[in-house]
**Student:** 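Handing you a structure now.
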Number of protein chains: 2
Amino acid sequence: MSTAAPAASSRDLPHPVREDIRLEAVLHALSDPMRLQIVRELAADRTELTCSQFVLPVTKSTSTHHFRVLREAGVIRQCYRGTAKMNGLRRDDLDDLFPGLLDALLAAAARQATRLGG
Amino acid sequence: MSTAAPAASSRDLPHPVREDIRLEAVLHALSDPMRLQIVRELAADRTELTCSQFVLPVTKSTSTHHFRVLREAGVIRQCYRGTAKMNGLRRDDLDDLFPGLLDALLAAAARQATRLGG
DNA sequence: GACGTACTACGATGCCTATCGTACGAACTG
DNA sequence: CAGTTCGTACGATAGGCATCGTAGTACGTC
C-alpha cells in the first residue's frame, strides 16, 4: 500500500477485494484461450505490461473486453499510467486465497502448450 | 447383437481420449457451481457414484446436461451398469496430463467452501 | 408382456458472451 | 491548439448455454 495518491492518473478501475474473488469466476475467466494466453504472458514477464504489448488475434474492442473479464474476476490488477493501461497478475491475492492453484494452472497451461505445439 | 459385448452394458458413451483433453475445456467445465460440486463429491467419495446419488437443485434434464459436459471435457468417466449410470473421476488421466492441478483445484474449492460456509 | 426406475433426446426459452465497427475520451507531443 | 496514441463505450450480431417440460428408451423385475 502506501501508494499515497500516486498521481499516476485520475481514472481508476473497479477491482473486487480479495475476499470477493470467487473460484468459479477465476476458472471461467481462464477457460477462454485468449485470456489464458494473456495470463501466461503476464506470469512469464513477472512485471506489469500494457494492453498494447499483447499481440492478440482480435480487435482492440474485444481485447478490452477480455482484460475487463480478467480484472472483474480478480485475476489481474489494472491501472492507468498516462495513456497506457498497466496489467499485473494478482499473485499475492490468489496465492493467499488458493495456495498453489495459480502455479498449478500455469504449469498445466505450459505443459499443454508444449505437448500441442511441439 | 453378437458384438463381443463387455458384459457391463451394451450402451457406451463417447469419451475423449487422454491426449484430447484440453485445459480450457476442463476449466470451463469446473467454472459452473453445479459441476464443481459434482466433482467435489466424486473426489470425496473416491468411488463411482450414480447420477441419482447427487442431490442437485435442478431437474433431471439439467443434471444429465451437466454430467455430459463433465464427461465431454474429460473430467469424469461414465458407464452404464444396468439402469444406473456410474460416474467416476478421471484422476489418472488428469494427473498425468496436468500434475497437481486437480488437487489444487479441489483444495481451492474446499478452502472457498470453508471460508464462505463457516 | 406389464410395470417401475433411471436416464436421455428434443424443443423452447431466456440469458450470457465473444466478436466486430464506429465514435468517443484521456493523455502525451509538437 | 492540432495531431497522435491508447484505450473505452455503445450498439449490433451471432452463437453458446443453463434451465425447463414432455416424451421416449433401456434395463431390471414381476
Side-chain angles (χ1 to χ4, degrees), chain A residues 5-15 22 24-39 42 48-73 75-88, chain B residues 1 3 5-15 22 24-39 42 48-73 75-88:
Chain A
S9 175
S10 51
R11 309 172 278 177
D12 49 29
L13 300 148
H15 290 75
R22 301 275 281 121
E24 294 89 332
V26 172
L27 297 184
H28 173 251
L30 297 183
S31 70
D32 183 281
M34 211 75 62
R35 294 193 290 259
L36 185 58
Q37 181 59 28
I38 290 174
V39 169
L42 269 179
E48 291 191 326
L49 295 174
T50 66
C51 290
S52 57
Q53 287 180 277
F54 294 84
V55 274
L56 301 173
V58 290
T59 64
K60 277 195 300 183
S61 312
T62 307
S63 204
T64 297
H65 162 70
H66 285 310
F67 279 103
R68 178 168 46 194
V69 171
L70 285 170
R71 171 170 48 82
E72 292 179 345
V75 179
I76 67 174
R77 204 184 310 271
Q78 295 188 296
C79 65
Y80 285 100
R81 175 174 292 186
T83 68
K85 192 183 206 173
M86 309 305 296
N87 300 277
Chain B
M1 44 169 64
T3 55
S9 174
S10 52
R11 308 172 279 177
D12 47 30
L13 301 150
H15 291 74
R22 301 277 281 121
E24 294 90 330
V26 172
L27 297 184
H28 172 252
L30 297 182
S31 71
D32 183 281
M34 212 74 63
R35 294 193 290 259
L36 185 57
Q37 181 59 27
I38 290 173
V39 169
L42 269 179
E48 291 191 325
L49 295 174
T50 67
C51 290
S52 56
Q53 286 181 277
F54 294 84
V55 274
L56 302 173
V58 291
T59 64
K60 279 197 295 184
S61 311
T62 307
S63 204
T64 297
H65 163 70
H66 285 310
F67 279 104
R68 179 169 45 195
V69 171
L70 286 170
R71 185 187 76 238
E72 292 179 346
V75 179
I76 67 173
R77 204 186 309 271
Q78 295 188 296
C79 64
Y80 284 101
R81 175 174 294 186
T83 69
K85 193 183 203 172
M86 308 307 295
N87 300 277

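Chain A is the first sequence line, chain B the second, and so forth, proteins listed ahead of strands; every chain is numbered from 1. Hydrogens, waters and symmetry mates play no part in the numbers below; they use all other heavy atoms, side chains included.
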**Student:** Donor-acceptor pair, distance only, cut-off 3.5 Å: does the side chain of B:His28 make one with the backbone of A:Asp32?
**Tutor:**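 Not at all, since once roles are kept as given, no pair shorter than 3.5 Å links the two residues.
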**Student:** Heavy atoms within less than 4.0 Å of DNA chain C: which residues of residues 59-66 of chain A have one? Give them sorted by number.
**Tutor:**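 Within residues 59-66 of chain A, the residues near DNA chain C are A:Thr59, A:Ser61, A:Thr62, A:His65, A:His66.
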**Student:** Has B:Arg68 got a side-chain N or O lying under 4.0 Å from the OP1 or OP2 atom of C:dA9?
**Tutor:** yes
**Student:** Mind listing the closest non-hydrogen atom pair of B:Leu56 and B:Ile38 along with its distance?
**Tutor:**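 Closest pair (atom of B:Leu56, atom of B:Ile38, distance): CD1-CD1, 3.8 Å.
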**Student:** For B:Gln78 and C:dC7, what is the distance between atoms CD and C1' respectively, to the nearest whole Å?
**Tutor:** 10 Å
**Student:** Could I get the full list of salt bridge (charged side-chain N to carboxylate O under 4.0 Å, His left out) partners for A:Glu72, not counting sequence neighbours?
**Tutor:** none
**Student:** Quick one: does A:Asn87's side chain have a donor or acceptor within less than 3.5 Å of a partner on A:Leu49's backbone?
**Tutor:**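 Side chain of A:Asn87 to backbone of A:Leu49: a pair is present.
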**Student:** Just the rounded figure in Å: distance from P of D:dC27 to CG of B:Asp12.
**Tutor:**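 Interatomic distance, CG of B:Asp12 to P of D:dC27: 11 Å.
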**Student:** Where do B:His15 and B:Ile76 come nearest, in terms of heavy atoms and distance?
**Tutor:**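 Nearest pair, atom of B:His15 first, then B:Ile76: CD2-O, 3.7 Å.
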**Student:** Closest heavy-atom contact between B:Arg71 and B:Pro14?
**Tutor:**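 Scanning both residues completely, I find the closest heavy atoms to be NE-O, 3.1 Å.
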**Student:** With distance as the sole test, does A:Gln53 use its side chain to make a donor-acceptor pair with the main-chain N or O of A:Thr50 at under 3.5 Å?
**Tutor:**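 Side chain of A:Gln53 to backbone of A:Thr50, a donor-acceptor pair under 3.5 Å: yes, one is there.
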**Student:** Within the side chain of A:Ser63, is there an N or O that forms a donor-acceptor pair under 3.5 Å with the backbone of A:Thr59?
**Tutor:**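 Looks like no, no N/O pair under 3.5 Å.
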**Student:** Tell me which residues in residues 26-35 of chain B lie within less than 4.0 Å of DNA chain D, going by non-hydrogen atoms.
**Tutor:** B:His28, B:Asp32, B:Met34, B:Arg35
**Student:** Closest to the B:Cys51 side chain: C:dC7, C:dA27, D:dG7?
**Tutor:** C:dC7
